[in-house]
Amino acid sequence: MSTIETDVHADFRATVRKIATERIAPHAADVDEQERFPEEAWQAIVEADLAGLAHPERLGGSGADLLSQVIAVEEIAAACMTTSHVLLVNWAGTSTILSHGSEELQELVVPQVASGQAGAGWCLTEPTAGSDVAGLTTTATKVDGGWRLNGLKRFISNAPWGAWFAVLARTGESSHGVFIVHRDDPGLSFGPHERKMGLRGSPTADVVLDDCFVPDVRVVGDPAQGYRYIMGELNGSRALIAAQALGVAQGAFDAALAYTSERSQFGQPVARFQMVRGMVADMAVRLASARALLYEAVALIEAGHPDARARAAMAKLLCSDNAMSVTTDAVQLFGGYGYIRDYPVERMMRDAKITQIYEGTNQIQRTLIAKAAYAAAGAA
Ligand SMILES: Cc1cc2nc3c(=O)[nH]c(=O)nc-3n(C[C@H](O)[C@H](O)[C@H](O)COP(=O)(O)OP(=O)(O)OC[C@H]3O[C@@H](n4cnc5c(N)ncnc54)[C@H](O)[C@@H]3O)c2cc1C
């Protein structure tokens with residue numbers, strides 16, 4: 001338990017861990033192998049009322065704080081990172097609606113997502129605009145009663161499974177809006193399922209907008225402020241990706257502890273060898289330091305502290321870099337069996353890689369962190 005985790009958080013963690021162990025982990029390998037949606041896990045999440053953790057009670061959610069969301073994502077990712085991604089992307093997809101959407105829009109979309117009846121996602125990336133989000137070319141043009149959207153969004157998580165997607169589109173030379181599209185809207189279609197290194201059960205596809213009409217009621221707030229709205233959600237979403245990275249690393253670490261205690265060579269458990277213990281110690285330090293930084297970032301985000309942005313970037317960076325290191329070491333500690341798909345650690349290593357790439361690559365996080373450091377020093 002961490003210093004900011006209360007007894008309530010600890011109880012909640014135990015509850016989610018039980019669900020993850022009993023109902024999510026048993027299907028993780030098959031979900032990966034078949035590259036299929038994690039149906040059984042999603043059912044368990046819906047039955048446990050976890051789908052609406054990030055949504056307020058008045059809209060059918062449970063109004064949990066960010067630390068509880070982080071804990072849920074961590075515990076689920078330790079069992080199946082794909083499932084954790086489906087869940088947290090639902091929250092990202094509805095985040096701007098909660099922060100800036102009209103009551104009518106909130107009531108239209110959020111209860112469906114909070115109950116688990118519908119999925120959501122958000123569409124920022126385009127073929128020629130990834131790290132440079134502001135360089136996007138998807139347009140929204142004002143027409144009678146709404147807007148017409150044209151463009152192509154790339155690598156969209158939860159597409160085509162989700163029903164609702166928040167699309168960032170250009171509304172002027174230097175203005176952007178967030179528009180909520182529905183899967184059945186005329187003019188909206190999906191590209192084929194991307195075949196990925198890891199996170200294979202998480203749906204990922206292009207979202208194609210061909211003169212797609214979006215009624216005025218589905219515009220989030222001011223159609224000139226969309227870029228600012230999205231940037232405002234990134235602290236929370238980066239904390240959740242950090243939690244996902246931490247979770248998959250913890251899952252690999254726990255598996256490595258169990259395996260090295262069981263596996264014998266030279267007449268004794270390999271856990272007795274000093275070099276193995278040295279690796280285990282380094283892995284434990286990477287997990288503890290990543291968790292401490294993440295929970296501090298969560299506290300700053302919840303408090304609306306000015307350092308929250310840089311600290312969330314640091315947490316995303318450290319948790320994901322450490323996840324790559326810890327999962328790679330876990331494979332090493334399994335020896336040849338670590339490289340075989342019958343054991344979970346090779347999947348965890350493949351899954352971990354994406355956490356260094358999405359929600360702003362780790363180079364972009366370093367750029368943000370350095371900028372904040374220079375600003376704090378009053379330098380360029
Ligand atoms: C599985 C998966 C799921 C995803 N889900 C979503 C989603 O749901 N919604 C969504 O909108 N997007 C999603 N993405 C997109 C993801 O966020 C982008 O891939 C990511 O932001 C990087 O953009 P890019 O791929 O265009 O890489 P690029 O921006 O082309 O970067 C290429 C390389 O250049 C480096 N680089 C770029 N600019 C700089 C710079 N200024 N300084 C230093 N280095 C730099 C990058 O770090 C990287 O190493 C997803 C991607 C994947 C693979």
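These numbers were taken from a predicted model, which means no experiment stands behind them. Each ligand, and each atom within it, is numbered from 1 in the order the structure gives.
Nearest to atom 20 (C) of ligand 1 among the protein's heavy atoms is I357 O, 3.8 Å. Protein heavy atom in closest approach to atom 2 (C) of ligand 1: Y358 CD2, 3.8 Å. In this structure, the protein non-hydrogen atom closest to atom 42 (N) of ligand 1 is T367 OG1, 4.2 Å. For atom 6 (C) of ligand 1, the nearest non-hydrogen atom of the protein is F155 O, 2.8 Å. Counting protein heavy atoms only, atom 52 (C) of ligand 1 is closest to I354 CD1, 3.7 Å. Looking only at heavy atoms of the protein, atom 39 (C) of ligand 1 is closest to I364 CD1, 3.8 Å.
Residue-level proximity to ligand 1 for N362 is absent, since no heavy atom of it falls below 4.0 angstrom.
By the 4.0 Å N-to-carboxylate-O rule, R200 lies too far from E33 to be salt-bridged with it. A salt bridge links R291 and E74; the closest N-O separation between the charged side-chain nitrogens and carboxylate oxygens is under 4.0 Å. Under the 4.0 Å criterion applied to side-chain N and carboxylate O atoms, D321 and R366 are assigned as salt-bridge partners. Salt bridge absent: R341 and D32 never bring a charged side-chain N and a carboxylate O closer than 4.0 Å. Checked for salt-bridge contact, D216 and K142 meet the test: a charged N lies under 4.0 Å from a carboxylate O. Residues K153 and E126 are paired through a salt bridge, judged by an N-O separation under 4.0 Å between the basic side chain and the carboxylate.
Less than 4.0 angstrom separates some heavy atom of T125 from each of these atoms of ligand 1: 10 (C), 11 (O), 12 (N), 13 (C), 14 (N), 15 (C), 16 (C), 17 (O). With ligand atoms numbered from 1 in the order given, ligand 1 contributes 10 (C), 11 (O) to contacts under 4.0 Å with heavy atoms of L124. Less than 4.0 angstrom separates some heavy atom of K196 from each of these atoms of ligand 1: 1 (C).
The protein does not reach atom 34 (O) of ligand 1 closely, with no heavy atom under 4.0 angstrom from it. Within a 4.0 Å radius of atom 46 (C) of ligand 1, the protein has at least one heavy atom.
Atoms CD and NZ, on E75 and K18 in that order, are 14.0 Å from each other to the nearest 0.5 Å. Rounded to the nearest 0.5 angstrom, L188 CG and C212 SG are separated by 5.0 Å.
Checked against the 6.0 Å centroid threshold, H193 and F37 do not count as a close aromatic pair. In this structure, F179 has its ring center under 6.0 Å from that of W147. For W91 and W122, the gap between ring centers reaches or exceeds 6.0 Å.
Remark: ligand 1 and T361 share an N or O pair separated by less than 3.5 Å (distance only, no angle test). Taking distance alone, with nitrogen or oxygen atoms compared against 3.5 Å, W122 approaches ligand 1 more closely than that limit. Considering backbone and side-chain N/O atoms, Q363 comes within less than 3.5 Å of an N/O atom of ligand 1.
When A166, S157, C123, G130 are ranked by how near their heavy atoms come to atom 8 (O) of ligand 1, first place goes to S157. By heavy-atom distance, the residue among S131, A129, G93 lying nearest atom 27 (O) of ligand 1 is S131.
Within the 4.0 Å heavy-atom cutoff, V89 does not count among the residues contacting ligand 1.
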